[in-house]
Peer 1: 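One structure follows; several queries about it will come next.
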Protein chains: 2
Amino acid sequence: MTENAAAARRTLADIRPCGACPVRGLAVCGVLEPDELYALAEIVHEAHRAHRQSVIVEGDEANGFFIVTSGVASVEKLLADGRRQIVGFLYPSDFFGLAVDGRYAYNVTAVTNLAFCQFERPKYLALVDRFPKLERRLLGMASDELAASQEQMLVLGCKTAKEKVASFLSMLSERSYRLGHLRSPIWVPMTRGDIGDYLGVTTETTSRMFTKLRNEGLIAFLPDAMIDLLDINSLKKIADGG
Amino acid sequence: MTENAAAARRTLADIRPCGACPVRGLAVCGVLEPDELYALAEIVHEAHRAHRQSVIVEGDEANGFFIVTSGVASVEKLLADGRRQIVGFLYPSDFFGLAVDGRYAYNVTAVTNLAFCQFERPKYLALVDRFPKLERRLLGMASDELAASQEQMLVLGCKTAKEKVASFLSMLSERSYRLGHLRSPIWVPMTRGDIGDYLGVTTETTSRMFTKLRNEGLIAFLPDAMIDLLDINSLKKIADGG
DNA sequence: CGCGTGATTGAACGATTTCAAAAGATGTGG
DNA sequence: CCACATCTTTTGAAATCGTTCAATCACGCG
């Protein structure tokens with residue numbers, strides 16, 4: 001057992017870059033054993049984008065599959081006149097690249113400096129054939145993603161501006177916890193405009209609601225885009241409409 | 001060839017109830033060959049619900065997997081004070097029953113008289129193990145579902161009331177076409193309240209927008225909840241904001 | 001026929017948007 | 001390291017779209 005563990009550790013260190021990946025356990029890749037991880041590491045490329053740069057453009061042929069390793073990105077859909085809906089924010093371990101009819105139906109843009117892994121679609125599909133548990137994990141993650149989308153529809157369709165912002169902060173808090181950090185403070189690197197486009201309100205309304213929550217003593221602004229959630233229970237109560 | 005075809009037809013007729021299922025080709029089941037369909041038919045139950053009856057309740061243990069065979073159902077999420085968001089309407093061939101942490105995160109309610117197939121989860125999972133292509137198809141359908149959810153977020157977050165109703169009608173038109181019917185007229189059996197809860201507006205606003213579209217000569221109301229789309233291109237133009 | 005449910009229409013109200021301006025951050029180059 | 005330019009946030013006041021409240025209408029069914 002001790003010997004095996006030591007062997008596994010030595011092996012992992014040899015598998016570059018996946019063996020040392022900080023989000024491996026949380027991402028799709030987490031289902032693979034060290035001896036299977038080699039196959040994945042062989043077909044992966046690492047890539048980076050600076051603040052505001054584009055990763056995926058709507059309508060592009062879908063020949064990649066991606067996993068965020070550091071930073072935050074936004075997934076957005078646009079109307080012809082420029083109106084924008086952000087349908088999700090991607091954090092480390094989140095995947096993107098699902099396509100409909102072979103094309104992407106959304107843009108992905110770096111919110112902060114961003115690092116991610118990229119798999120070429122044909123090679124990735126070959127790997128999925130070889131390791132069926134990859135496909136099962138992918139279905140599980142798509143299913144979770146679908147549940148999150150439905151929750152966000154509830155936010156967009158039913159909630160007031162204040163409830164929307166409280167929901168947003170609660171959601172980021174839970175996500176922070178799932179990624180192994182504290183529930184507070186949380187890192188909120190996106191602009192008021194980004195948050196507004198996610199919640200279906202304007203920049204100004206978002207700002208006003210943040211101010212209101214601060215004046216009520218529920219949150220405090222810290223340096224480096226961190227926000228302290230001073231009363232998470234009250235925030236969740238507001239988010240749930242009562 | 002003629003002999004084989006005849007044999008296949010005889011075989012299908014023997015597989016009850018799946019062999020004669022009107023939506024088999026469109027649903028998950030469509031990936032199975034006739035000789036594989038036996039295994040599915042063995043574990044399926046048919047069930048029915050009347051108008052307004054409940055099929056799934058949020059929080060219930062998820063021990064079923066379902067496919068609509070006739071009628072329409074709504075998938076809805078509720079807030080404590082009764083506010084309701086309909087996150088989707090289910091038509092024949094649509095599946096439902098995906099769960100998070102073993103529990104359903106939504107209610108499913110019959111909008112019209114409803115018929116559906118039900119699979120017990122353990123038996124269904126065993127079948128997925130036996131036929132991996134079932135899992136691949138399921139991932140494809142979940143992926144499509146996710147894309148539809150994101151499209152709906154764009155509707156909820158960005159569009160005006162009139163654009164929302166035009167989007168709704170265009171969507172039903174395309175769905176009608178995909179199910180093998182005409183793009184117009186379409187069957188709209190849900191109430192104004194249901195449609196409003198789907199689009200994030202009130203009953204009254206929904207009604208007003210229908211009236212406006214009728215006065216503009218874009219739609220006409222027919223008997224039996226049918227709506228004639230008199231100018232689909234204009235409707236889509238309005239839906240897309242221009 | 002009379003009741004109940006859903007649809008429609010009108011009028012007043014209000015939450016959020018829009019428009020505008022100022023204050024605060026951030027980064028660049030001299 | 002400061003001064004300038006740019007971007008973001010905040011705050012105020014007016015306008016608006018959709019809601020709310022209320023009344024009437026239409027349809028199906030016992």
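Everything numeric in this text was worked out from a predicted model, so none of it was measured.
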Peer 1: Any side-chain heavy atom of B:Leu90 within less than 4.5 Å of one from B:Phe116?
Peer 2: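 No. Closest side-chain heavy atoms not under 4.5 Å.
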
Peer 1: Take atom CG in B:Asp224; do more than 12 heavy atoms of anything else shown fall under 6.0 Å from it?
Peer 2: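 Atom CG in B:Asp224 is not packed in, count stays at 12 or less.
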
Peer 1: Do A:Ile67 and A:Phe119 have side-chain heavy atoms sitting under 4.5 Å apart?
Peer 2: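 A side-chain contact exists here, since the closest heavy-atom pair is under 4.5 Å.
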
Peer 1: Please say whether more than 12 non-hydrogen atoms of neighbouring residues, nucleotides or ligands are located less than 6.0 Å from OH in B:Tyr177.
Peer 2: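 Count not over threshold, so no.
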
Peer 1: How does protein reach along nucleotides 9-22 of chain D, written 5' to 3' as B (base within reach of a heavy atom under 4.0 Å), S (only sugar-phosphate), or - (no contact)?
Peer 2: SBBBB----SBBB-

Peer 1: Taking only Lys NZ, Arg NE, NH1 and NH2, and the carboxylate oxygens of Asp or Glu, determine whether B:Glu46 and B:Arg16 approach each other closer than 4.0 Å.
Peer 2: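 Looking at B:Glu46 and B:Arg16, the cut-off is not met.
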
Peer 1: Quick one: which protein N/O atoms are closer than 3.5 Å to N/O atoms of nucleotides 28-30 of chain D? Pair and distance per line, please.
Peer 2:
none

Peer 1: Is it true that B:Lys236 and B:Glu174 make a salt bridge, defined as a side-chain N closer than 4.0 Å to a carboxylate O?
Peer 2: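 The answer is yes: the pair qualifies as a salt bridge.
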
Peer 1: Is it the case that atom CG in A:Asn215 sees more than 12 heavy atoms from other parts of the structure closer than 6.0 Å?
Peer 2: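 Atom CG in A:Asn215 is crowded, with more than 12 foreign heavy atoms closer than 6.0 Å.
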
Peer 1: With no hydrogens and no angle check, is any side-chain donor or acceptor of A:Arg214 less than 3.5 Å from a backbone partner on A:Ile219?
Peer 2: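 Not confirmed, A:Arg214 side chain does not pair with A:Ile219 backbone.
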
Peer 1: Check the distance between C:dT8's C1' and B:Ile195's CD1 and give it to me in whole angstrom.
Peer 2: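 So the CD1-C1' distance, B:Ile195 to C:dT8, works out to 14 Å.
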
Peer 1: Rounding to an integer number of Å, can you tell me how far A:Leu199 CG sits from C:dA15 C1'?
Peer 2: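 Distance, rounded to whole Å: 16 Å.
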
